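A quick write-up on the structure given underneath.
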Amino acid sequence: DQQALQEEAEIMERRLIAADKLISGLGSEKVRWSEELEELKKRRVRLLGDCLISAAFLSYLGAFSYDFRADLIRAEWERDLTERTVPRSEPFKVENLLTNDVEISRWNSEGLPPDELSVQNGILTTNASRFPLCIDPQEQALNWIRKKEANNNLKVCTFNDSDFLKQLELAIKYGFPFLFKDVDEYIDPVIDNILEKNVKGPANRRFVVLGDKEVDYDPNFKLYPKIGRA
């Protein structure tokens, strides 16, 4: 009995030591959590201005160069928010709100260059409300999209392919990504409803008109029109 009590006492002592270490560790975590809570409170205040600039970025700046984007954000939008006393992050960076380091690292592993312009283009490609038109003379976007959508049954066609309409219909119906290559000179008006996301119908049956046919619309469908020249 004495041996059993001794063993139980040793077990309890080890548990007390472990509990003491855990409490000490949580004490240091409390400091970190408190600091993060204060930072989140500050970010919540700045969220109004950050969301305004981010929404404007997604809506209006996709077609422009990096320098033009930066000038408009810095010289116009940030200045206007300052004059109106709207809180925002300083310095403001769209990638801090619209993506994160994990997603950017995944894009880089899929072939997207790590520079700020490419990251911005990645944000526009994945978050914009309209389908992106990729101007891609070096085929960086093409390679990235191929790897990014490799496991999602990506369809790749041109307007010269005899079956492009059938392939596009299947992609729309089953939610596959679809890459249109070489749309430099001509875009067939048959896909106008697709480009405009002119989706119709009740919630239980959404469809889009492709040519003279109503095609069930899967919200997972993605369209990537690509131009080969700058």
Side-chain angles (χ1 to χ4, degrees), residues 32 35-36 39-40 42-44 46-47 49-75 77-78 88-158 167-168 171 174-184 194-195 197 218-230:
R32 183 174 66 84
E35 292 173 351
E36 288 184 355
E39 178 59 26
L40 285 173
K42 295 176 182 177
R43 288 180 61 185
R44 184 176 62 181
R46 301 192 298 261
L47 199 57
D50 290 355
C51 286
L52 282 170
I53 298 177
S54 297
F57 171 82
L58 290 173
S59 299
Y60 303 116
L61 294 190
F64 300 108
S65 68
Y66 174 79
D67 290 337
F68 186 89
R69 293 175 187 174
D71 288 344
L72 192 59
I73 291 173
R74 302 284 181 267
W77 295 348
E78 288 189 359
R88 58 176 173 80
S89 296
E90 296 185 36
F92 171 80
K93 298 182 72 174
V94 292
E95 51 265 42
N96 289 344
L97 186 64
L98 297 178
T99 186
N100 54 63
D101 291 340
V102 174
E103 186 171 43
I104 292 172
S105 296
R106 186 174 71 250
W107 291 346
N108 296 157
S109 68
E110 292 165 344
L112 186 72
D115 60 277
E116 190 171 358
L117 173 61
S118 297
V119 172
Q120 287 184 1
N121 290 339
I123 291 170
L124 289 162
T125 301
T126 55
N127 292 331
S129 59
R130 292 184 176 273
F131 295 124
L133 177 62
C134 304
I135 302 173
D136 188 32
Q138 298 178 332
E139 298 200 340
Q140 291 177 333
L142 174 63
N143 294 331
W144 173 54
I145 292 169
R146 283 184 183 275
K147 292 179 181 177
K148 177 177 179 296
E149 303 289 3
N151 297 324
N152 299 322
N153 204 10
L154 175 68
K155 306 295 184 184
V156 182
C157 284
T158 72
Q167 293 295 328
L168 180 59
Y174 295 108
F176 299 147
F178 193 96
L179 174 63
F180 256 127
K181 291 177 59 180
D182 304 327
V183 296
D184 303 51
I194 313 302
L195 294 174
K197 289 190 174 181
D218 189 306
N220 293 315
F221 169 71
K222 299 175 186 175
L223 182 66
Y224 301 100
K226 188 192 83 70
I227 292 177
R229 58 180 173 78

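Here the structure is a predicted model, which means the values were calculated and not measured. Because only heavy atoms are used, hydrogens play no part in the values below, and waters and symmetry mates are left out as well, while side chains stay in.
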- [ ] Decide whether Y66 and E116 meet the rule of one side-chain donor and one side-chain acceptor closer than 3.5 Å.
- [x]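 Side-chain D/A pair, Y66 to E116: present.
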Open item on the list: Quick one about D50 and S89 (side-chain donor to acceptor, distance below 3.5 Å, no hydrogens or angles considered), yes or no?
Closed with: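 Note: S89 and D50 side chains meet the donor-acceptor criterion.
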State, yes or no, whether a side-chain contact exists between [X] and [Y] at a heavy-atom distance under 4.5 Å.
| X | Y | result |
| --- | --- | --- |
| V94 | L61 | no |
| N153 | Y174 | no |
| L168 | F221 | yes |
| W107 | N121 | no |
| W77 | L52 | no |
| I104 | L112 | no |
| P132 | L124 | no |
| P113 | W144 | no |

Open item on the list: Whether E103 and R106 form a salt bridge (side-chain N of Lys/Arg under 4.0 Å from carboxylate O of Asp/Glu) is what I want to check.
Closed with: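 Answer for the salt bridge query: yes.
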Does [X] reach the main-chain N or O of [Y] with its side chain, forming a donor-acceptor pair under 3.5 Å?
| X | Y | result |
| --- | --- | --- |
| S118 | P114 | no |
| R69 | A63 | no |
| T99 | E95 | no |
| K197 | S129 | yes |

TODO: Taking the six-membered ring for Trp and the single ring otherwise, decide whether the centroids of F131 and F178 are under 6.0 Å apart.
DONE: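 Not under 6.0 Å, so no.
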Open item on the list: Around atom CZ of R44, are there more than 12 heavy atoms from other residues, nucleotides or ligands closer than 6.0 Å?
Closed with: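 No, the 6.0 Å shell around CZ holds no more than 12 heavy atoms from other groups.
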Task: Residue pairs, two or more places apart or on separate chains, that pass salt bridge (Lys or Arg N to Asp or Glu O under 4.0 Å) and touch residues 143-152 - done: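 Qualifying pairs, neighbours excluded: E149-K222.
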Open item on the list: Working to the nearest 0.5 angstrom, can you tell me the gap between L142 CG and L179 CG?
Closed with: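 Result: 6.0 Å between the selected atoms.
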TODO: Nearest 0.5 Å please: distance from the CZ atom of R88 over to the CG atom of L47.
DONE: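 Going from CZ on R88 over to CG on L47, the span is 14.5 Å.
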- [ ] Go through the steps for I145 and C134 under the test side-chain contact (heavy atoms from CB on, under 4.5 Å), then give the verdict.
- [x] CA-CA 10 Å; I145 292 169; C134 304; 4.0 Å; yes
Task: R43: partners by side chain to side chain donor-acceptor pair (under 3.5 Å), with sequence neighbours left out - done: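 Listed in chain order: nothing, the list is empty.
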- [ ] Only counting residues at least two apart or in another chain, list the ones meeting side chain to side chain donor-acceptor pair (under 3.5 Å) with E139.
- [x]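 Residues passing side chain to side chain donor-acceptor pair (under 3.5 Å) with E139: none at all.
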